[in-house]
Amino acid sequence: MQKLVNEKKVGWEEIDEERKKDIFKFAEEYMFFLNQGKTEREVVKQTREILEKNQFVEIDSMDALKPGDRVYYCNREKSIYIAVIGEEKLEKGLNIVGAHIDSPRLDLKPNPLYEDTGFAYLKTHYYGGIKKYQWTTIPLSIHGVIVKTNGEKITVNVGESEDDPIFTITDLLPHLAQEQMEKKLKDGISGEDLNLLVGSIPSDEKESKERVKYHILQILNEKYGIVEADLLSSELEIVPSFKARSLGFDKSMIAGYGQDDRVCAYTSLRGILNVKKPRRTAICILSDKEEIGSMGNTGMESNVFDIFIAEILNKTGENRPNLLEKVFCNSKMLSADVDAGLDPIYSSVSEKNNAAYLGRGIGINKYTGVRGKAGDSDANAEYVGEIRKLLESSKILYQISELGRVDNGGGGTIAYILANKGVDVIDCGVPVLSMHAPYEVTSKFDIFEAYRTYEAFLK
Ligand code: MN
Ligand code: MN
């Protein structure tokens, strides 16, 4: 008999011991990935290593491409596009899964180092949508690159290994915080007060006016061979130094930094590794700059991804004028980005019939806009039907939801960018609690369903 009511199932109740083992094993591998990749550059580096181990090669190293070939293009060490060439001509369209690998964090300002009353600090400018108070009084690490004028590039990673020091941003003791506590939460900590504490021993260089700052410069010079001016051409990112961990007595969840959107990045990467010789060419995008609007030459708004596809068309020998536009019009995409999970403590911001729940499978957003679906690409019903068919035939648990109540907040993804090129796109990712916080929460069950979804879609 047909089931008339759409009953929402709890994933853990639908699986056997075997599947549970697979889910927990996958979660361990994912946590390793999170701990090794706390910035977009580190994720790209790690992804390249994984790709090379799985017979993917740089597209520039290939003169011609045929079905089954596995290639990638690394865009300035910050985003990466991956393809497995399909049996059909590209003209018939691509199957694309697109995630992003940048996460909210604090970036150092170009002139970051200063001294005040015996302490040395680094000034920051936050990246993406953060609640500033969450970034004080937690252990932080510094990751990134410093580029000298001679072209030498120095990689920095301090605060991850047990022998490393960590850094922190201080906050006022409650005893003296009366005035601060009266402020609105958003004003409690100001952007200009997010200053990283980095030292307090004065240098024995008696000539210097700021001897604590001078001492830090001496340490940096010894360790990295840099002078203060070299920080002008650096990209140094401040991220939480704690590790991703299993969460709960039952270990059913993961707490970790940067799960938006590395949870979808990792699961889509793992998905495309399993694709051998698909009918339609399979593409995986790991993009940068999503958290600040996808601008710039490593963001999804740039043309670099189009050039990657044009290059494939050249190398499969089918290119001709205006073919690229047609390829996009025939393509389908899952915009792999996290979904807001319903948090029972803050359930008033969600509408419970149309919210995504942790542990109930992959979350699908037909649209992500608010207040009249503003600024959103809103997937067509035909395409939603097609995706439902794929998920149901693959026995993947899914939920179709909205980001929050109609007139509440909302958020964007890269979906509209590809949709504007003519691609059929739907948002499809893992529900998260405490999104954009230094420690975000996901369900291991949903992570595995995301992996199964992206794999099924690309195959
Ligand atoms: Mn995201
Ligand atoms: Mn985000």
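Since this is a predicted model, take the numbers as computed values, not measurements. Counting convention: from 1, in listed order, for ligands and their atoms alike.
Using a 4.5 Å heavy-atom cutoff, the side chains of Asp107 and Leu236 are not in contact. The shortest side-chain heavy-atom distance between Thr316 and Asp69 does not fall under the 4.5 Å cut-off.
A salt bridge does not link Lys183 to Glu179: none of the charged nitrogens lies less than 4.0 Å from a carboxylate oxygen. Between Lys78 and Glu40 there is no salt bridge, since no side-chain N of the basic residue sits under 4.0 Å from a carboxylate O of the acidic one. The pair Lys25-Glu28 does not meet the salt-bridge criterion, since no charged nitrogen lies less than 4.0 angstrom from a carboxylate oxygen.
Below the 2.8 Å limit, the Mn ion (ligand 1) has as protein N, O or S neighbours His100 NE2, Asp260 OD1, Asp337 OD1, Asp337 OD2.
By the side chain to side chain donor-acceptor pair (under 3.5 Å) test, Asn6 pairs with no residue at all, sequence neighbours left out.
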